[in-house]
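Handing you a structure now.
Side chains are part of it too, since the values below use all heavy atoms of this structure and drop only hydrogens, waters and symmetry mates. Keep in mind that what you see is a predicted model, and the values were worked out from it rather than measured.
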Amino acid sequence: MKRGRDTVKRKYKAMMVIPATLLAMFALMNDQYYWLLYVAFILTSLNLLMMGIQAFQENKKSPFAYCGTVLAILVIFLSLKELLN
């Protein structure tokens with residue numbers, strides 16, 4: 001059963017990372033759509049947040065779990081702040 005959960009987690013990661021990469025590439029090629037870079041930051045941070053939560057489930061004392069989660073939340077809030085300005 002564990003194998004099925006791993007494939008689902010990989011699919012979720014791919015669903016966030018691949019569009020984030022495409023958005024970042026598009027935003028860097030066109031100056032008009034530079035704001036899409038912040039959306040890419042949010043998607044990548046959501047992926048990092050999911051990895052941090054997964055690390056919490058495996059090991060509560062993992063420094064990656066704390067650092068990754070805090071960093072992801074910080075990037076999400078800063079990106080939202082820039083998007084709303």
> Say you draw a straight line from CD of Q54 to OG of S62; how long is it, rounded to the nearest 0.5 Å?
Replying inline: 11.0 Å
> Under a single-linkage definition using a 4.5 Å side-chain heavy-atom cutoff for Ile, Leu, Val, Met, Phe, Trp and Tyr, are V75 and W35 assigned to the same hydrophobic cluster?
Replying inline: yes
>> Tell me if a side-chain donor or acceptor on N30 pairs with a main-chain N or O of Q32 at a distance below 3.5 Å.
In response: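 Side chain of N30 to backbone of Q32, a donor-acceptor pair under 3.5 Å: no, none is there.
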>> As an exercise, state the distance from CG of L49 to CG of L71, rounded to the nearest 0.5 Å.
In response: 10.5 Å
> What distance separates L48 CG from I53 CD1, expressed to the nearest 0.5 Å?
Replying inline: 10.0 Å
>> For a 4.5 angstrom cut-off between non-hydrogen side-chain atoms, does F41 reach L23?
In response: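 A side-chain contact under 4.5 Å is absent here.
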> What is the distance from atom OH of Y38 to atom CG of L80, rounded to the nearest 0.5 Å?
Replying inline: 12.0 Å
> Can you tell me if CG on D31 sees more than 12 non-hydrogen neighbours from other groups inside 6.0 Å?
Replying inline: no
> Hey, are the side chains of L37 and L28 touching, using non-hydrogen atoms and a 4.5 Å cut-off?
Replying inline: yes
> Can you tell me how far the NZ atom of K60 sits from the OH atom of Y66, to the nearest 0.5 Å?
Replying inline: 8.0 Å
> What are the two closest heavy atoms between A65 and A55, and how far apart are they?
Replying inline: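 Taking A65 first and A55 second, the nearest heavy atoms are CB-CB, 3.8 Å.
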> Given the rule that I, L, V, M, F, W and Y join up when any side-chain heavy atoms are under 4.5 Å apart, are L36 and L22 in one cluster?
Replying inline: no
> Given T44 and V17, is the side chain to side chain contact (heavy atoms under 4.5 Å, CB included) satisfied, shown in steps?
Replying inline: CA-CA 6 Å; T44 307; V17 172; 5.9 Å; no
> How about F64 and M51: do any of their side-chain heavy atoms sit closer than 4.5 Å?
Replying inline: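 Yes. Closest side-chain heavy atoms under 4.5 Å.
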> Can you tell me how far OH of Y34 sits from CD of E82, rounded to the nearest 0.5 angstrom?
Replying inline: 9.5 Å
> Do L83 and I42 come close enough that some side-chain heavy atom pair is under 4.5 Å?
Replying inline: yes
> If every non-hydrogen atom of I76 is compared with every non-hydrogen atom of S45, which pair is closest and at what distance?
Replying inline: CG1-CB, 3.5 Å
> Any chain of hydrophobic side-chain contacts (each under 4.5 Å) joining L78 to L43?
Replying inline: no
> Are side-chain heavy atoms of M50 and L46 found at a separation under 4.5 Å?
Replying inline: no
